[in-house]
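Single-structure report; data block below.
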Amino acid sequence: MSPAWNKLQASADRLRGTHLRQLLESENRFDSLSFSAAHLMLDLSRQRIDSQVFDELLELAQERDLSSAIAALLTGAVVNPTENRPALHSALRMPADSELVVEGVDLVAGVHETLAKMDEFVAKIHSGQWRGYTGRAISQVVNIGVGGSDLGPLMTCEALSEFRPPEAEGVEIHFVSSMDGSQLSNLLLELNPETTLFVLSSKSFGTLDTLANASTAIDWLMESSGLGRELLIHQHFIGVTSAPQKAINWGISQKNILKFWDWTGGRYSLWSGIGLPIALTTGMQGFRELLAGAHAMDQHFASAPFEQNLPVLLALIGIWNINFQDIHAHAILPYDGRLAHLPAYLEQLEMESNGKSVKLDGELAESRTCPILWGEIGPNAQHAFYQLLHQGTERVMSDFIVPARRYEGRSAGLLEQHQLALANCLAQARVLALGDAALNDSEERPPWQRYAGNQPSSVILLETLTPASLGSLIALYEHKVYIQAVIWGINPFDQWGVELGKKVANDLIDSLHQGSSSGYDQATSGLLATIQKLQEEH
Ligand code: F6P
């Protein structure tokens, strides 16, 4: 394929019989394979690499001209050619006194105008000045969105809920995403329409799932109040979108729209107005700290040499595991319950970005690309799927994510619980790497009590979980995804793979409405007919 790729292949052959246990015996391994920047430490010492592989991965980085690729991303070149646009999520976190001119326009000025408008919305809601149709202050906010318009804010709100300032206490945030209405139907039973505000979050403002939930929400408001649609939408709906005219056509008043730009991908959008629920949770101050944390990672990404560059190294390790170690499952294991939604968030970020088999030049990718990601809060997953990690037949790479400090100033019991979580995180990484050798005894065990080990993992250690360190962590993964895409030659910023299903669902909804089942493959027609019969019988 290329000189560095061939060398890595030869190294994979050379290391085939070497166990991680042996690699971990080399001197200074932890010091030479752990790297710190922007509130985080990345420990790669439990990866199946030696110093030669490390150097060859860096050679691959040079060979693929990652420096130019990073500059192209951060300066607004068209890195998303199938949609003919840049991907400038990094511009959303640039400080107000900076500048990024793309095609003659300073994007930073526009970003900060939107942040100022967001600030106004947050202040109005927090101070009780945003009032519903009876004049009562809004106390419940429901974010209606899906994919990137849901997972980013949901994950971040959950992670940062303890950073809630006093003025945010009176406002509860809810998330509704699923098109089947399950979440909304339960919520509507509890909420008071007089004090509920809906945030309609949709980059395209055309996603059926979101519009279906929005339509049920406005019907509920109309039925409860007896008032007209227009007035209710004006008082009870905010729109966050890159298609403001569509939001206006739906009925949202211009002054209630937070606009963002088509150069912000859906799964990269929590830094834009899509982050409104985050700002309502943490206050604008917390939201700005989140942006600053991500910006610190952007700066590190832009300037650090590759041998210390966290996103580049995280990406290269993934390439090594996927393309040279034949590992195609990736577990995301946070040892902090506040990061419960991080696995789901990263599933979209990575798999919707890099789940591609066609390269930018239209040819089929000659190597494997994005693995299957999944995950769960680590301590809970220990009691669920770790059995497979330790004794299954699948090779799996894992990311352990954990803060060093937590519960400062809280009870001794909680402090102890954090130590317990840390001990378990370290124990699992150790056992996955070493297997039986993690226990320093010579006891004979039957085969079913043996641990092969040699499962690679990375540890991402946060000093402590704050808006800034979370911002940095998310930006780390965003940039990792980009670097891998560059190496594979694919476009991480489109998602054509989700379009066909949407079109076919449109045909099927027509068939369901019309009671017809013909014109499809046998399996689909058969199921349609069965469903229609069951619906008629009732
Ligand atoms: O269908 C996939 C997708 O386009 C995601 O990329 C996106 O995050 C989600 O749908 C929601 O899209 P929108 O924000 O336009 O409603």
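Just follow the structure's listing: the first ligand is 1, and inside any ligand the first atom is 1.
- The aromatic rings of W374 and F385 sit tilted, their planes meeting at an angle between 30° and 60°.
- When only interatomic distances are considered, the shortest N/O to N/O separation between T210 and ligand 1 does not fall below 3.5 Å.
- Using bins of under 30°, 30° to 60° and over 60° for the plane-to-plane angle, the ring pair F121/W130 lands in the perpendicular bin.
- For the residue pair N249 / Q245, a side-chain donor-acceptor distance below 3.5 Å is found, with atom types taken as modelled.
- Of the protein's heavy atoms, S204 OG, 2.6 Å lies nearest to atom 15 (O) of ligand 1.
- Looking at Q495 against ligand 1, only its side chain comes within 4.0 Å, counting heavy atoms.
- Polar contact check, G148 against ligand 1: a nitrogen or oxygen pair lies under 3.5 Å apart.
- Residue G147 approaches ligand 1 through these ligand atoms, each under 4.0 Å from one of its heavy atoms: 8 (O).
- Among protein heavy atoms, the minimum distance from atom 12 (O) of ligand 1 is reached at T207 OG1, 3.4 Å.
- Here the protein heavy atom with the shortest distance to atom 11 (C) of ligand 1 is V146 O, 3.2 Å.
- Looking at N491 and N80, their side chains do bring a donor and an acceptor atom within 3.5 Å of each other.
- Taking S139 as the reference, T195 meet the side chain to side chain contact (heavy atoms under 4.5 Å, CB included) condition, with sequence neighbours excluded.
- Looking from atom 1 (O) of ligand 1 to the surrounding protein, the closest heavy atom is K502 NZ, 2.9 Å.
- Atom 6 (O) of ligand 1 has E352 OE1, 2.8 Å as its closest protein atom, hydrogens excluded (heavy atom only).
- Not counting sequence neighbours, the partners of T207 by the side chain to side chain donor-acceptor pair (under 3.5 Å) test are S204.
- Between D494 and K356 there is a salt bridge, with a side-chain nitrogen of the basic residue lying less than 4.0 Å from a carboxylate oxygen of the acidic one.
- Considering backbone and side-chain N/O of Q348, one or more are found under 3.5 Å from N/O of ligand 1.
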